[in-house]
Each structure stands twice: as C-alpha cells, then as structure tokens.
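Here the structure comes first, spelled out in structure tokens, and everything after it is commentary.
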Amino acid sequence: AVYQQLSDLKQDRFDFVVVGGGTAGAVVASRLSEVEKFQVLVIEAGPSNEGVLNSQVPLLAFDIQHTPYDWNFTTTPQKFANGRTVSYSRGFMLGGTSSTDLMVFTRGTTDDYDRWARVTGDPGWSWDQMFPYFIKNERFMPPTDGRNITGEYDPTIHGYDGMTRVSLVNEVQNPFESNVFAAADELGGNFQFNLDMNNGTLLGTAWVQGTNGGGERSSSATAYLTRQILGRKNLHVLLNTRTTRIQRSKTSSSDGPEFDKVEVVGNGWPRLFRATKEVILSAGSIGSPHILFHSGIGDAQELESVGIKPRVNLPSLGKNLTDHPFLLMVFEANTTEPNIFANSTLLAEAFEEWNSSRTGPLANIPSANIIYGRLPTNLPFDDPSPGPNTGHWELVLSLNRRPTATPQVIAAISIVSPTSRGTLTINSSDPFDSPLIDPTFFATPGDIAIARDAVRNVRKFFAAKSWEGYITSETPPSAGADSDDELDAFISGNFTTTWHPGCTAMMSPKGADYGVVDPDLKVKGIRGLRIVDASVMPFLISGHLLAGIYAIGERAADMIKQDWMS
Ligand SMILES: Cc1cc2nc3c(=O)[nH]c(=O)nc-3n(C[C@H](O)[C@H](O)[C@H](O)COP(=O)(O)OP(=O)(O)OC[C@H]3O[C@@H](n4cnc5c(N)ncnc54)[C@H](O)[C@@H]3O)c2cc1C
C-alpha cells in the first residue's frame, strides 16, 4: 500500500526498513517484498511520481530540474572555477533521480566492474558475475516508430523479460543523426562505429539506449513499484516523510553496535520505526551519508566539531565524492529540421501524437547517439581509466531544443574517468540543513587534459566532410579558445556537472581500515545496516550510472534474501 502521509501508517515494526524510494531503494523493496513473510517499509521524502507529466514524457526531462520534484542542492564554491557554484539536482519523488534524469542507459565497461571486483576482493562485482543482473533488470523493447533496428544494437546481449523498459530513440531526427553516423564512418579512429554500447566496451560512436521504452519514462517507480506490486500486503510505501537519523538499539554484538530504529519527521511530527532484520539506506550519494552523519556515524572529530555525538568512527564516509564534470559547446547550424519547442503548433501536434500512441519527438530522449574516446597512450600522467575498453571522455551530440533565433547543434562533453575527488560534509547538527557538497571538479591536471582533448575532438568531428554546409560556426564561449591556456579558461569558466555523484560510502575489502561498506554492502563496524545506492561504488562507472545502480540493487536484494532465508 502507499501512504501519502505519516499519520496514515499505523504499523511501527517491519522486517526491513528501506530509507529512500529512489533508483536502488525501489529495486530492493520490490524484490524483498517478493518474499511474502517479509514485511517491508519504504520511506520516501518526496511525493508520488504518478501524473507528473515532465517525468513521464521523455523529451520534457529537462523541465523537471529546479521544480519541487528536485532537492535543488548547490555545490560549495568550486576552487578550480574561481569560486563559482554549480547547481546540483537530485530527484525528490518516488523513483528518486530515475524519475527526473535524462534516461541515457549505459551499463559501463568490463573494466569498470572488473576493477570493482579487484579493489573489493569480491569477484561477485566483476562484469561476468554482474551480467545476469543487467539482464534481470532490463526489458528491451523495439522503438515505437516501428523502424527496422537491425544494425542499431546487438540483440544477443539484452534482457527482454526484466523490469526497466529500455529502447533506442523512438524517432530518428534526420539529417542530423545520419550525419553523425556518416562522420563516424568517415573519421574512424576514436569515432569508429560500435554496434552496441552495452556490450562492455564504451568506445566509439553508437546508437544511444535509454529508459524510454514504449515511449515513456521507465523509472524505478514505474518499473519496480507498479500498481500490482504495490498491492502486495507486505509492502508499505510511505511518502512525504523525511528520515532524519538512524538510532542504535540497546544491544551490541561482536559485529559492533546494532542500528535498528529509523527516526522520521512527517506531518510536522517525529516518529520511530523499528527494523527487526535490517535498515537499508538508499537515500543516494548525498542523502545516505547525510543521514549517517546526523546519526553519529562518520569522522568522530568532524562530528564533534558540529555538535554531534560520535557513535561509530567511520572517517571515510563522505570523503571519496566523485562526479563526472560536464561542458557544453554550441555550434550554429544550417538546417530546416523542425524544433517543436520553437513552434507552438508543432508542439501541440507532438503532444497529440504522444498522447495517442507514445510516438513522435516527445517519446525521445534528447539524442540518438553517444560517443566515447580515449587520449593517446603516451600520457604524461597515469591512465585514469580502468582499462582499454573504457573511454576518457564522452560526447552526446544533438540539436539544441531551446528556441533560438537560428538552429543550433550542441555537443555535451563529460569526463568519464576523472581523478579529482571531493567531499560531502555537514556544518550543522540540524538534519534539515543541506550538506556541504564539494565535488572539487578539475583538481587534477589529468582531468583538465581530458577536457581539452574532448573539445578538440568535437571540432575534429564537426570538421568531417559529412557536416559540410550543415555546421556553420562555433559560438562563444568555446569559440576562439585554441591554446591550452585559452581552453583552460573556457573549462574553468563554464564546467558544470553530469549529476553523477557517487563513491561517498565506498566499498572496500572486509577488514580494510578504509572504506564505508564491506563488499556485501554492510556498514563496517555496525550490525543491521546496509547501504544500497550509488554511494557504495568504489569508482564511478565510466558512463551513465543508472544501469549499474539497478544491477547493484538487484544483487543487493539477492544477498539480503540469502542472508535471511537460509
Ligand atoms: C538531471 C540529471 C540527469 C541525469 N541523467 C542521467 C542519465 O541520462 N543516465 C544515467 O544513467 N544517470 C543519469 N543521472 C544520474 C542517475 O539518475 C543517478 O545516479 C541515480 O538515479 C541515483 O540513484 P540512487 O539510488 O543512488 O539515488 P536516488 O535515485 O537519488 O534515490 C535517493 C532517494 O532517496 C530519497 N531521500 C534522500 N534523502 C532522504 C531522506 N532524508 N529521507 C527520505 N528519503 C530520502 C530521495 O528523495 C530519492 O528518492 C542524472 C541525474 C540527474 C540529476
């Protein structure tokens, strides 16, 4: 059942309490409630996803940021951006950020997961052992325009019976996209065609896959918390209720103190829920550490300095914040391709089409392509990528959807193998105050070198013969930035984020004196508490995070079931 407010829920004890009904939280709750004898509670700070049009219609995804469905965080002033701050969106509704993100679906590379297995000492995190979870999560569907997609993906590596509806774009925007793939064939090298970007190699130019299967957003809420699943008697989803702390029980064991009570505030009132088996924190890379700090878990000295009594000293918590920095380049284009957002008649027609058949431009994610490239091998710094199947930068090319006087093309650059590391901390003992988010973007020469290389590769790509007569000029602020110094000024003055924070509660081997969770996702030195979300990644996936987080959620659910069913 779904409870809109705290006072609607009468029950106080559950087997499992899942904090955060976001991307990973919904997976864990959904899978645990498959076991009838488990009573499962999910506590979500935000409201329901039902009827939120900007979340449902794929091409409206940009319009959901800076709304009440966004936590609307901001970073601290960024040292390598002359003190500029960066707006930091996080989903505030059921489904979490999977209800508000841009829906690009990349599993990451074999190298990414094999590195996780290596650094955690658990082969279960390797690509081969995670592969069944990618398949379990995925329900690949043909696009809604009915075109022949042979040659746009590899049908042998997808899941067709899973939960998340994945597809290619539902309508191809030509000649723009045909130019992209023609230029890739023409240039080869970094740009050579890759049949399927979910095959374990993120290199070259591929047709993008997204969570827009069937022409509408598939979020963890629409996929894992369907009406049928919500009808389970043992699954309880409490909305509009904020978790403030996790509290200790009176007992301790050889595994350390037990944390079994979840303190919440809803309808203006506090209340405690008790988990008789486990508390599972799935409040995301910002939310999960934030709740732990206020529970007295974290660096003891830092907690004391803000007036919080330390209960478990975990100095690594919040320390390894990693994100993919983002840059935008804009080009003038000579094209008559329609922009529905610049023409109210076209927009009305597009809505009519989407409403009646989930087809047309609104059923799309913003682009049909995705490109990953690497720097040459003779780098003046250690290769920051986890291996040769992995890019250093990512490009997504699209027509500018914002209404502009003349048509424009945008190149979205992401640094997918950053070495900069930031912090998540707090400066107050009030759990309702926002944490301090400092991704410390571009702190290393390697990250800056990758960004320069990406900018130069965008120019190389658009200089291909295939674009002749289409791309007319580059616009400021990147235009004219050619030397390393000029590019560095462009980068520091303009970077933002891909909104991929992770690693703030990173996994490390059992018994290690660093890290926050063991490879089974149990919090070190504590009994009864696991973390399941993007914060546990020891390194970010070198692409978009969603598919990896779903797989983490699926594996975590299996591990938890195994612990409590044997
Ligand atoms: C604008 C944007 C675009 C993105 N685009 C893409 C993309 O195209 N592809 C991709 O793969 N990734 C993308 N991402 C990133 C991706 O969506 C996230 O990495 C992922 O959804 C995070 O999953 P999670 O489970 O870790 O956290 P979340 O999904 O954020 O879940 C955390 C949940 O916990 C809740 N919560 C937090 N604190 C509390 C509390 N105190 N009490 C109760 N509930 C709480 C939150 O409201 C939320 O529902 C994007 C992100 C953003 C913001």
Side-chain angles (χ1 to χ4, degrees), residues 17-28 42-49 58 61-66 69-73 87-108 164 166 208-212 217 219-221 237-246 262-266 280-292 294-295 323-324 326 365-367 370 394 396 412 414 431-432 434-435 496-505 531-537 540-541 543-550 552-553 556:
V17 177
V18 180
V19 175
T23 312
V27 177
V28 174
V42 182
I43 303 168
E44 168 55 41
S48 166
N49 59 305
F62 285 110
D63 294 332
I64 202 160
Q65 290 165 49
H66 309 297
Y69 300 106
D70 186 346
W71 282 82
N72 287 305
F73 291 124
S87 134
Y88 219 66
S89 179
R90 300 278 88 206
F92 182 77
M93 65 198 293
L94 200 59
T97 314
S98 75
S99 293
T100 65
D101 70 9
L102 298 178
M103 291 172 282
V104 173
F105 200 69
T106 56
R107 293 171 181 168
T164 302
V166 177
V208 81
Q209 292 163 25
T211 54
N212 59 332
R217 178 191 294 271
S219 67
S220 69
V237 177
L238 173 59
L239 300 173
N240 303 304
T241 302
R242 180 97 164 237
T243 297
T244 44
R245 294 180 186 89
I246 316 287
V262 178
E263 183 187 306
V264 303
V265 174
I280 295 144
L281 260 186
S282 295
S285 297
I286 308 300
S288 289
H290 190 218
I291 293 167
L292 290 177
H294 287 284
S295 312
D323 193 0
H324 293 146
F326 177 86
I365 58 175
S367 148
I370 194 159
E394 174 199 280
V396 176
S414 173
F432 282 88
S434 289
T496 57
T497 170
T498 320
W499 309 283
H500 288 172
C503 316
T504 46
I531 305 180
V532 185
D533 57 31
S535 67
V536 302
M537 294 183 185
L540 285 186
I541 295 162
H544 297 254
L545 307 189
L546 213 46
I549 299 169
Y550 279 123
I552 291 174

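Remember, it's a predicted structure, so these values are computed and weren't measured experimentally. Whatever order the structure lists them in is the order used to number ligands and atoms, beginning at 1. Throughout, numbering of the chain's residues begins at 1 and tracks the sequence. As a basis for the values below, the full set of heavy atoms in this structure was taken, side chains included, without hydrogen atoms, waters or symmetry mates.
The nearest protein atom to atom 29 (O) of ligand 1, hydrogens excluded, is given as Thr23 OG1, 2.7 Å; this is a heavy-atom distance. Of the protein's heavy atoms, Trp499 CE3, 3.3 Å lies nearest to atom 2 (C) of ligand 1. Regarding atom 17 (O) of ligand 1, its nearest protein heavy-atom neighbour is Asp101 OD2, 2.9 Å. Closest to atom 27 (O) of ligand 1, if we only count protein heavy atoms, is Gly284 CA, 3.6 Å. When only non-hydrogen protein atoms are considered, atom 42 (N) of ligand 1 lies nearest to Thr243 N, 2.9 Å.
Considering backbone and side-chain atoms together, Ala547 places no N or O closer than 3.5 Å to any N or O of ligand 1.
In this view, Arg245 and Glu263 satisfy the salt bridge (charged side-chain N to carboxylate O under 4.0 Å, His left out) rule, not counting sequence neighbours. With sequence neighbours left out, Asp323 forms a salt bridge (charged side-chain N to carboxylate O under 4.0 Å, His left out) with no residue at all.
Taking only non-hydrogen atoms, the option from Ala45, Gly20, Ser89 nearest to atom 53 (C) of ligand 1 is Ser89. Nearest residue to atom 34 (O) of ligand 1 from Ser535, Gly548, Ser219, Ala283 is Ala283 (criterion: closest heavy atom).
Residue contacts with ligand 1 include Met93, since one or more of its heavy atoms lies under 4.0 Å from the ligand. Contact analysis puts Gly91 in contact with ligand 1, with a non-hydrogen atom separation below 4.0 angstrom.
Proximity of a side-chain donor or acceptor of Ser285 to a complementary backbone N or O of Thr504 within less than 3.5 Å is not detected. The closest donor-acceptor contact from the side chain of Thr243 to the backbone of Val19 lies at 3.5 Å or more, if one exists at all.
Using modelled atom types and a 3.5 Å distance limit, the side chains of His324 and Glu394 yield no donor-acceptor pair.
Contacts with ligand 1 closer than 4.0 Å are made by no heavy atom of Phe105, backbone or side chain. Neither the backbone nor the side chain of Ile365 has a heavy atom within less than 4.0 Å of ligand 1.
Taking every non-hydrogen atom of Arg90 and a distance limit under 4.0 Å, the qualifying atoms of ligand 1 come out as 51 (C), 53 (C).
Between Arg90 and Asp101 there is no salt bridge, since no side-chain N of the basic residue sits under 4.0 Å from a carboxylate O of the acidic one.
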